[in-house]
Amino acid sequence: MSKTNAVTRLAAEVEKAAGTPVELERPADASHGDYATNVALRLAPEARRPPRELAQELADAIASSPRVQRAEVAGPGFVNLWVASEWYRDALAELLDAGAEYGGGWADPRERFQVELVSANPTGPITVASARNGAYGDSVARLLAFAGHEVEREYYYNDSGVQMERFRESVEAVRRGEPPPEDGYHGDYVRELAALDGDPVPPMLERIERSLERFRVHFDSWALQSVLQERIPELLPRLDVYEKDGAVWARSSTYGDDDDRVLIRSGEGGPTYRAADVVYLVDKLERGFDHALYVLGADHHGTRNWYGAIARMLGYDPERVEVLLYQLVHLTRGGEQTKMSKRRGDVVFLDDFVDEVGVDAARWYLVARGHDQTIEIDVDLAREKSEKNPVYYVQYAHARIAGILRNAEGASPGAEPPPELAREERDLVKRLAELPKLVAESTERRAPHAIPTYAIRVADDFHRFYHHHRVLGSGKTEAFRLGLCVAAKSVIARCLDLIGVEAPDRM
RNA sequence: GCGCCCGUAGCUCAGUGGAAGAGCGGCGGCCUUCUAAGCCGUUGGUCGGAGGUUCGAAUCCUCCCGGGCGCGCCA
């Protein structure tokens with residue numbers, strides 16, 4: 001992080017006294033102060049001094065800051081501190097000044113990222129399972145862009161493999177008036193495609209793109225396996241390979257992969273998907289991306305080390321390659337597990353899911369869980385549950401604020417706190433001031449699910465503030481409270497945007 | 001068998017060394033005042049189990065139990 005904020009500036013004051021980096025936490029218990037640090041506990045063993053004694057020195061030193069009202073030692077050696085009016089002014093002024101950019105633009109250095117996401121074979125419409133890939137990957141991309149990086153999203157599809165042939169044969173069969181082959185594709189969409197002329201792949205791709213655009217996932221580019229694999233002969237000499245059983249193998253296990261992988265098949269000698277991976281990786285890195293991110297479902301975790309291995313084999317820094325794994329989506333119907341198979345056609349398509357619950361609830365639902373957590377969706381309960389989706393709670397806070405600002409009629413917001421700040425006002429400022437740290441951690445961990453969790457907290461604090469305090473016509477406190485509203489609205493809108501959800505002005 | 005992920009309140013889940021949480025559900029209150037999709041109160045947990053590291057463990061390590069997903073010359 002290259003930018004300071006109200007919290008880090010406060011931490012810096014403690015650092016001066018402690019002589020070591022300090023992180024301030026917000027205690028869960030209000031009686032433990034506005035902020036707390038365990039730095040005395042961490043320092044005590046090396047200093048060979050009782051932690052509470054060190055903590056007392058720090059508390060005394062920090063208490064003299066104009067931003068600090070009071071500092072206390074607590075428990076085994078925590079320093080709890082209560083911030084002063086000065087700090088609230090600093091924090092809110094910063095929020096208002098930065099506006100929509102608050103918490104962003106901190107990346108240093110700014111780099112080029114490519115996020116490859118979804119990349120489902122165009123053998124059928126996008127399913128809810130792929131939608132998680134889209135929701136997760138797109139949110140990571142949004143976080144990186146907000147940090148200040150240059151980000152492009154790409155969809156990579158296989159237009160020439162065995163499954164694509166099955167898909168085309170299924171459409172052809174229907175065109176001849178026959179049922180699709182047993183191991184072919186059977187969904188209704190196959191019949192729809194059969195009604196058109198020519199190769200069914202382009203219209204399928206168009207439909208996929210429309211679904212994803214509707215889901216607010218936009219692709220900057222599309223990559224084709226058939227084009228990439230033409231360069232395989234050119235790249236083969238750069239690889240560490242050997243022949244076995246008539247096939248050509250990459251010695252990937254020596255470069256960090258779990259196994260060696262076949263690049264060129266025995267027999268007719270066609271290239272495998274892995275061979276195209278090699279070309280694609282070179283292509284990505286030579287197009288000037290500093291980082292190539294692969295968003296993959298947990299069913300691909302067996303190859304999570306493959307991409308880094310080929311980067312190493314080719315002499316690239318493997319740190320430039322990142323595999324983001326997310327756990328799968330399981331669909332149930334009235335408690336019964338339904339197997340998802342595009343071939344059988346008994347899947348839930350993204351478009352149907354979105355028809356049912358709306359884009360906002362769908363995106364929120366798919367990104368609000370940790371990516372390491374398997375998601376189970378009961379198709380029968382989806383609509384009922386979506387009505388209780390916390391996304392509406394958060395959007396409602398935004399709409400309420402918009403309503404206040406509509407009624408404000410030229411009254412201008414300010415950051416100057418009134419002599420007495422109410423608890424709800426202080427809580428809201430502190431909450432809003434968490435955004436920079438939250439966003440930075442969420443970006444670095446590739447964990448966008450922290451955003452909705454935080455957005456609920458912000459809405460929570462706002463709704464409470466709103467309930468207890470009148471904004472318009474509140475006299476000397478009006479400007480400050482309007483300032484709070486403007487800042488809260490901006491933070492909520494930013495959080496929602498980072499996960500691809502709209503922030504409505506009316507509900 | 002081996003590998004990856006998960007096990008926290010009735011349900012769905014946050015919480016990657018600091019003082020156990022949210023939403024939903026249940027129960028009881030609050031609208032002549034900027035949007036009640038809201039607010040307030042209450043109910044509810046030996047953080048799967050056992051050891052270990054640490055001043056301190058839901059969090060780190062080891063083992064065990066349970067669930068998901070992989071282990072193709074498919075992608």
Side-chain angles (χ1 to χ4, degrees), chain A residues 25 27-29 31-32 36-38 41-42 44-45 50-51 74-78 80 119-121 123 157-158 161-164 166 225 244-249 258-259 261-277 296-305 325-328 330 337 365 368-378 381 384-385 387-397 399-408 441 445 447 449-450 452-454 456-457 459-460 462-474 481-482 485 506-507:
Chain A
E25 298 176 6
D29 187 339
S31 70
H32 295 147
T37 176
N38 64 358
L41 286 161
R42 287 196 287 108
F78 295 103
N80 297 337
S119 297
N121 275 354
T123 55
Y157 62 98
N158 175 357
V162 177
Q163 293 184 24
M164 293 311 300
R166 279 191 190 138
Q225 178 178 339
K244 193 181 80 177
D245 306 329
V248 178
W249 296 67
D258 306 10
D259 290 299
R261 314 278 178 180
V262 172
L263 295 177
I264 309 294
R265 296 185 180 88
S266 58
E268 293 177 22
T272 63
Y273 181 83
R274 302 264 149 256
D277 278 342
L296 301 176
D299 52 341
H300 291 79
H301 78 255
T303 60
R304 71 195 178 286
N305 295 324
L325 282 175
Y326 63 92
Q327 297 298 312
L328 303 180
H330 291 171
Q337 187 86 21
Y365 194 79
R369 279 142 177 75
H371 50 268
D372 272 340
Q373 192 76 232
T374 304
I375 291 182
E376 296 205 4
I377 298 177
D378 190 317
L381 294 178
E384 187 190 328
K385 281 200 167 175
E387 286 168 6
K388 290 156 187 162
N389 193 310
V391 72
Y392 302 118
Y393 180 77
V394 175
Q395 289 182 320
Y396 184 55
R400 270 183 149 177
I401 299 172
I404 294 173
L405 299 182
R406 274 195 302 275
N407 295 332
E441 282 184 0
R445 291 181 190 172
H449 70 276
T453 302
Y454 168 72
I456 291 173
R457 298 280 180 277
D460 202 29
F462 176 77
H463 284 309
R464 197 172 295 121
F465 159 76
Y466 178 92
H467 182 79
H468 289 281
H469 305 284
R470 175 98 199 163
V471 176
L472 299 177
S474 64
R481 288 179 180 169
L482 267 176
C485 287
R506 296 175 197 269
M507 281 178 78

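Each chain gets a letter, A, B and so on, in the order its sequence line appears, and its residues count up from 1. Both backbone and side-chain heavy atoms feed into the values below; hydrogens, waters and symmetry mates do not.
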> With sequence neighbours left out, what residues match His301(A) under side-chain contact (heavy atoms from CB on, under 4.5 Å)?
Replying inline: Arg304(A), Leu325(A)
> Given side chains that start at C-beta, do those of Thr303(A) and Arg261(A) come closer than 4.5 Å, heavy atoms only?
Replying inline: yes
So which protein nitrogen or oxygen atoms get under 3.5 Å of nucleotides 28-34 of chain B's nitrogens or oxygens?
unit_1  : atom_1 : unit_2    : atom_2 : d
rU33(B) : O2'    : Arg470(A) : NH1    : 3.0
rC34(B) : O4'    : Arg470(A) : NH1    : 3.2
rC34(B) : O4'    : Arg470(A) : NH2    : 3.0
rC34(B) : O2'    : Asn407(A) : ND2    : 2.7
rC34(B) : O2     : Leu472(A) : N      : 3.1
rC34(B) : N3     : Val471(A) : N      : 3.0
rC34(B) : N4     : Tyr466(A) : O      : 3.0
rC34(B) : N4     : His469(A) : O      : 2.5

> Can you list the stems that include RNA chain B, where a stem is three or more consecutive Watson-Crick or G-U pairs with distances under 3.5 Å?
Replying inline: B:1-7 with B:65-71, B:10-13 with B:21-24, B:25-30 with B:38-43, B:48-52 with B:60-64
> To the nearest 0.5 Å, how far apart are OG1 in Thr37(A) and CD in Glu25(A)?
Replying inline: 7.5 Å
> Taking protein heavy atoms under 4.0 Å as touching, what does nucleotides 44-49 of chain B look like 5' to 3' if B marks base contact, S marks sugar-phosphate-only contact and - marks none?
Replying inline: ------
>> Say we look at rC40(B) and rG51(B): how far apart would their P atoms be, to the nearest angstrom?
In response: 41 Å
> What are the two closest non-hydrogen atoms of Pro76(A) and Leu41(A), and how far apart are they?
Replying inline: O-CD2, 3.7 Å
> What are the two closest heavy atoms between His449(A) and Thr453(A), and how far apart are they?
Replying inline: O-OG1, 3.2 Å
>> I need the CD1-P distance between Ile375(A) and rC13(B), as an integer number of Å.
In response: 8 Å
>> Could you tell me how far rC6(B) sits from rA37(B) if I compare only their C1' atoms? Round to whole Å.
In response: 33 Å
> Roughly, in whole Å, what's the span from CD1 in Ile377(A) to P in rG68(B)?
Replying inline: 18 Å
Which pairs, protein N/O on one side and nucleotides 6-11 of chain B N/O on the other, fall under 3.5 Å?
unit_1 : atom_1 : unit_2    : atom_2 : d
rC6(B) : O2'    : Gln373(A) : OE1    : 3.4

> Using the C1' atom in both, what is the distance from rA57(B) to rA19(B), to the nearest Å?
Replying inline: 13 Å
>> Within 90° of 0 counts as syn, otherwise anti: where does rC31(B) fall?
In response: syn
> Does a distance-only test, which skips hydrogens and angles, find a donor-acceptor pair under 3.5 Å between the side chain of Gln327(A) and the base of rC5(B)?
Replying inline: no
> Which part of the nucleic acid, if any, lies within contact of His449(A), taking any heavy atom under 4.0 Å across all strands shown: a base, the sugar-phosphate backbone alone, or nothing?
Replying inline: sugar-phosphate
Output one line per pair: protein atom, nucleotide atom from nucleotides 16-25 of chain B, and distance, for all N/O pairs under 3.5 Å.
unit_1  : atom_1 : unit_2    : atom_2 : d
rU16(B) : OP1    : Arg445(A) : NH1    : 3.3
rU16(B) : O4     : Arg445(A) : NE     : 2.8
rG18(B) : N7     : Asn38(A)  : ND2    : 2.5
rA19(B) : N6     : Asn80(A)  : OD1    : 2.8
rA19(B) : N3     : His32(A)  : NE2    : 3.3

>> Nearest 0.5 angstrom please: Arg274(A) CZ to Ile264(A) CD1, how far?
In response: 13.5 Å
> In whole Å, what separates the P atom of rG45(B) from that of rU35(B)?
Replying inline: 40 Å
>> Can you measure Asp258(A) atom CG to rC71(B) atom P for me and round it to whole angstrom units?
In response: 12 Å
> Taking the same atom, P, in rA22(B) and in rU42(B), what whole-Å distance lies between them?
Replying inline: 11 Å
>> Using atom P in both nucleotides, what's the gap between rC64(B) and rC27(B) to the nearest angstrom?
In response: 45 Å
>> So that I can tick it off, tell me whether Arg457(A) and Asp460(A) are bridged by a salt bridge, with the cut-off set at under 4.0 angstrom between side-chain N and carboxylate O.
In response: no
> Do the side-chain N or O atoms of Tyr273(A) get closer than 4.0 angstrom to the phosphate oxygens (OP1, OP2) of rA75(B)?
Replying inline: no
>> I'd like to know if Ser266(A) reaches the base of rC73(B) with its side chain such that a donor and an acceptor end up less than 3.5 angstrom apart.
In response: yes
>> Below the 4.0 Å mark, does rC40(B) have OP1 or OP2 next to a side-chain nitrogen or oxygen of Arg464(A)?
In response: yes
